[in-house]
Amino acid sequence: MSVQANTGLKIYDLTELPYLKVHGRTTGELSPLTLFWTGSAVELNVQSSELWVEVESEYDIYESWISILINGVPVSRQMLTAGRYWICVFRGMNANVVKNVRIVKDVQAMSGDPGCSLQIHAVKSDGTFLAVREKPYKIEFIGDSITSGEGAIGAKAEEDWIPMWFSAIHNYTYMTAEVLNAEYRVISQSGWGVLTSWDNNPKGNIPDYYEQVCGLLTGERNEALGAGDQHDFGSWQPDVVVVNLGSNDGGAFQSPEWKDPDTGKVYKQHLNEDGTYHEEDLAAFEKAVEQFLSKLRKNNPAAHLVWAYGMLGFPMMPAIYRAVDAYMKGTGDRKVSIIQLPDTTEETVGARTHPGDLSHRRTADVLAEYLRGLIG
């Protein structure tokens, strides 16, 4: 028996969709829409039997992946090969029933691949679009590979650093937001920190790029797409900003020095002979934490600022406590707090010795309960 093609499909530019909900930082441009960060998405309520989405994926090294959720449940996950083409989201469903659809970018912004981009051009459907219900809370998550969901999917034996092992859904950010019925955004990059990346590169720090749309992306194409534009903080104000940084700053003390290829300058977080952290280097980290909190407060004046840390051990926790305490004493800001997250165990570890799905779930349960006390 042959399956007949649906001749009732109509193509809609994103600009023609009055009820389109965009998740994640963007430039505001819809022709096409560029999704920069992990967890960025388009969300639609559609009453139809069939829905397609037109994507455009480019990359030199790291391809994009997407997850498709229907009525809040992940039903599809796929690699996007290079090119511009249509993907079927669903077909043959009850045309009279409204479906909530979210198409999610599963992979972080790839600072190591200037050619990597993901854009959405249009949708086509045989039905009508309806308003997406607004959620009562907004949460911004800032972090590193943990927050990017590196290793959250895949077998424990996997060691390849490839996009396949990243997930925005098997991720404490998504899980926490779901528990709290919150809209959320993610700013994250594997290997990066507050002061330095895991390998002592001082350019690998999130705070320097926080005020841009996605400034850690490089190359002419990303510049043309607006990645380096100043972010409009007035367009989206979170109730809570969760910062999960420090793991890579701690790792830098254990890693070899980094030499700047342009200047020849050498950077290194040092250990003392007894294995403790060098006081001056630790003080630099603490100062970076203080300065980042000040930047976060400037741009998010009403938000609770929560430093969350501990999913891959917590050696930097004393320094984080000192830094947050110094910030609060220096500014009088009382809407700042710290939570220690559950450490990843042999039972909860995922691919690439990173937190797995179970670890992310444990963290989401703890974090959601804590945040509920702040915003509930």
Side-chain angles (χ1 to χ4, degrees), residues 36-39 59-65 105-116 141-154 158-168 171-173 186-210 212 214-219 222 227 242-261 266-269 277 281 284-285 288-289 292 307-316 319-320 341 344 349-356 359-360:
F36 291 104
W37 299 98
T38 188
Y59 55 89
D60 294 324
I61 310 168
Y62 304 118
E63 78 282 349
S64 289
W65 285 67
K105 178 175 163 63
D106 239 356
V107 179
Q108 68 173 14
M110 285 296 185
S111 61
D113 185 358
C116 182
F141 295 94
I142 302 170
D144 47 37
S145 57
I146 299 170
T147 304
S148 289
E150 179 182 336
I153 197 167
E158 307 299 354
E159 296 181 357
D160 300 307
W161 200 91
I162 56 175
M164 185 184 292
W165 310 134
F166 284 77
S167 176
N171 188 312
Y172 80 93
T173 60
V186 176
I187 308 292
S188 64
Q189 192 68 188
S190 290
W192 287 38
V194 189
L195 176 68
T196 178
S197 61
W198 68 275
D199 60 354
N200 285 289
N201 183 349
K203 299 174 185 177
N205 78 83
I206 296 289
D208 279 356
Y209 303 95
Y210 178 70
Q212 297 170 295
C214 192
L216 53 77
L217 292 177
T218 59
N222 284 310
V242 176
V243 184
N244 186 354
L245 287 171
S247 295
N248 291 304
D249 295 276
F253 284 92
Q254 316 292 335
S255 299
E257 65 184 28
W258 183 82
K259 185 175 182 179
D260 190 323
V266 172
Y267 296 87
K268 177 74 180 90
Q269 295 292 90
Y277 296 135
D281 294 337
F285 166 76
V289 170
F292 192 31
W307 206 285
Y309 170 71
M311 289 176 73
L312 285 177
F314 31 87
M316 303 298 285
I320 290 170
L341 303 175
T344 298
V349 73
R352 293 189 41 77
T353 64
H354 273 66
S359 181
H360 281 272

Glu159 atom CD, neighbour heavy-atom count above 12 within 6.0 Å = no
With sequence neighbours left out, the residues meeting side chain to side chain contact (heavy atoms under 4.5 Å, CB included) with Glu257 are Val266, Lys268
Could you walk me through whether His360 and Met311 pass side chain to side chain contact (heavy atoms under 4.5 Å, CB included), step by step?
-> CA-CA 9 Å; His360 281 272; Met311 289 176 73; 4.1 Å; yes
How about Trp161 and Glu150: does a side-chain donor come under 3.5 Å of a side-chain acceptor?
-> yes
Can you find a pair of side-chain heavy atoms, one from Cys116 and one from Ser64, that are under 4.5 Å apart?
-> yes
From Trp65 atom CH2 to Ser167 atom OG, the distance as rounded to the nearest 0.5 Å = 10.5 Å
Say you draw a straight line from OG1 of Thr344 to CD1 of Ile146; how long is it, rounded to the nearest 0.5 Å?
-> 6.5 Å
Report, as yes or no, whether the 6.0 Å neighbourhood of atom CH2 on Trp165 holds more than 12 heavy atoms from other residues, nucleotides or ligands.
-> yes
Would a 4.5 Å heavy-atom cut-off, applied to side chains only, mark Ile142 and Thr147 as touching?
-> no
Could you give me the CA-CA distance, side-chain angles and deciding distance for Leu245 and Phe292, then say whether side chain to side chain contact (heavy atoms under 4.5 Å, CB included) is met?
-> CA-CA 11 Å; Leu245 287 171; Phe292 192 31; 4.1 Å; yes
With no hydrogens and no angle check, is any side-chain donor or acceptor of Ser255 less than 3.5 Å from a backbone partner on Trp198?
-> yes
Does any N or O in the side chain of Asp113 come within less than 3.5 Å of the main-chain N or O of Tyr62, such that one atom is a donor and the other an acceptor?
-> yes
Residues at least two apart in sequence or cross-chain that pass ring-ring contact (aromatic ring centres under 6.0 Å, His included) with Tyr59, listed by chain then number, are none
Contacts of type salt bridge (charged side-chain N to carboxylate O under 4.0 Å, His left out), residue Asp106, not counting sequence neighbours | Arg77
Separation of Tyr267 OH from Trp258 CH2 (nearest 0.5 Å) = 7.0 Å
Sorted by first residue and then second, give each salt bridge (charged side-chain N to carboxylate O under 4.0 Å, His left out) pair with at least one member in residues 198-207; sequence neighbours left out.
-> Lys203-Asp260, Lys203-Asp262
Let me see the working for Gln189 and Ser111 under side chain to side chain donor-acceptor pair (under 3.5 Å), right down to the final yes or no.
-> CA-CA 8 Å; Gln189 192 68 188; Ser111 61; 2.7 Å; yes
Atom CG in Asn222, atom CZ in Phe36: separation rounded to 0.5 Å?
-> 7.0 Å
ring-ring contact (aromatic ring centres under 6.0 Å, His included) filter on Trp192, not counting sequence neighbours, yields Tyr209
Can you tell me how far CG of Leu195 sits from CZ of Phe285, rounded to the nearest 0.5 angstrom?
-> 8.0 Å
Close side-chain approach of Ile61 to Met110, heavy-atom, < 4.5 Å | no
Heavy-atom pair of closest approach, residues His354 and Leu312 = CD2-CD1, 4.3 Å
Is there a donor in the side chain of Gln108 and an acceptor in the side chain of Ser190, or the other way round, less than 3.5 Å apart?
-> yes
Side chains of Asn200 and Pro256: closer than 4.5 Å at any heavy-atom pair?
-> no
Minimal non-hydrogen separation, Gly313 against Pro315, with atom names = C-CD, 3.4 Å
What do the steps show when you test Asp249 against Thr196 for side chain to side chain contact (heavy atoms under 4.5 Å, CB included), and what is the final call?
-> CA-CA 6 Å; Asp249 295 276; Thr196 178; 3.8 Å; yes
Is a side-chain N or O of Asp144 found less than 3.5 angstrom from the main chain of Gly191, in a donor-acceptor match?
-> no
Side chain Asn244, main chain Gly143, donor-acceptor under 3.5 Å = no
Locate the shortest heavy-atom distance separating Ser188 from Thr38; write the atom from each residue and the value.
-> OG-CG2, 3.6 Å
With rounding to the nearest 0.5 Å, note down the distance linking CZ in Phe253 to CE in Met316.
-> 5.0 Å
Residues at least two apart in sequence or cross-chain that pass ring-ring contact (aromatic ring centres under 6.0 Å, His included) with Phe141, listed by chain then number, are Tyr172
Which heavy atom of Gly219 sits nearest a heavy atom of Pro114, and at what distance?
-> CA-CB, 4.0 Å
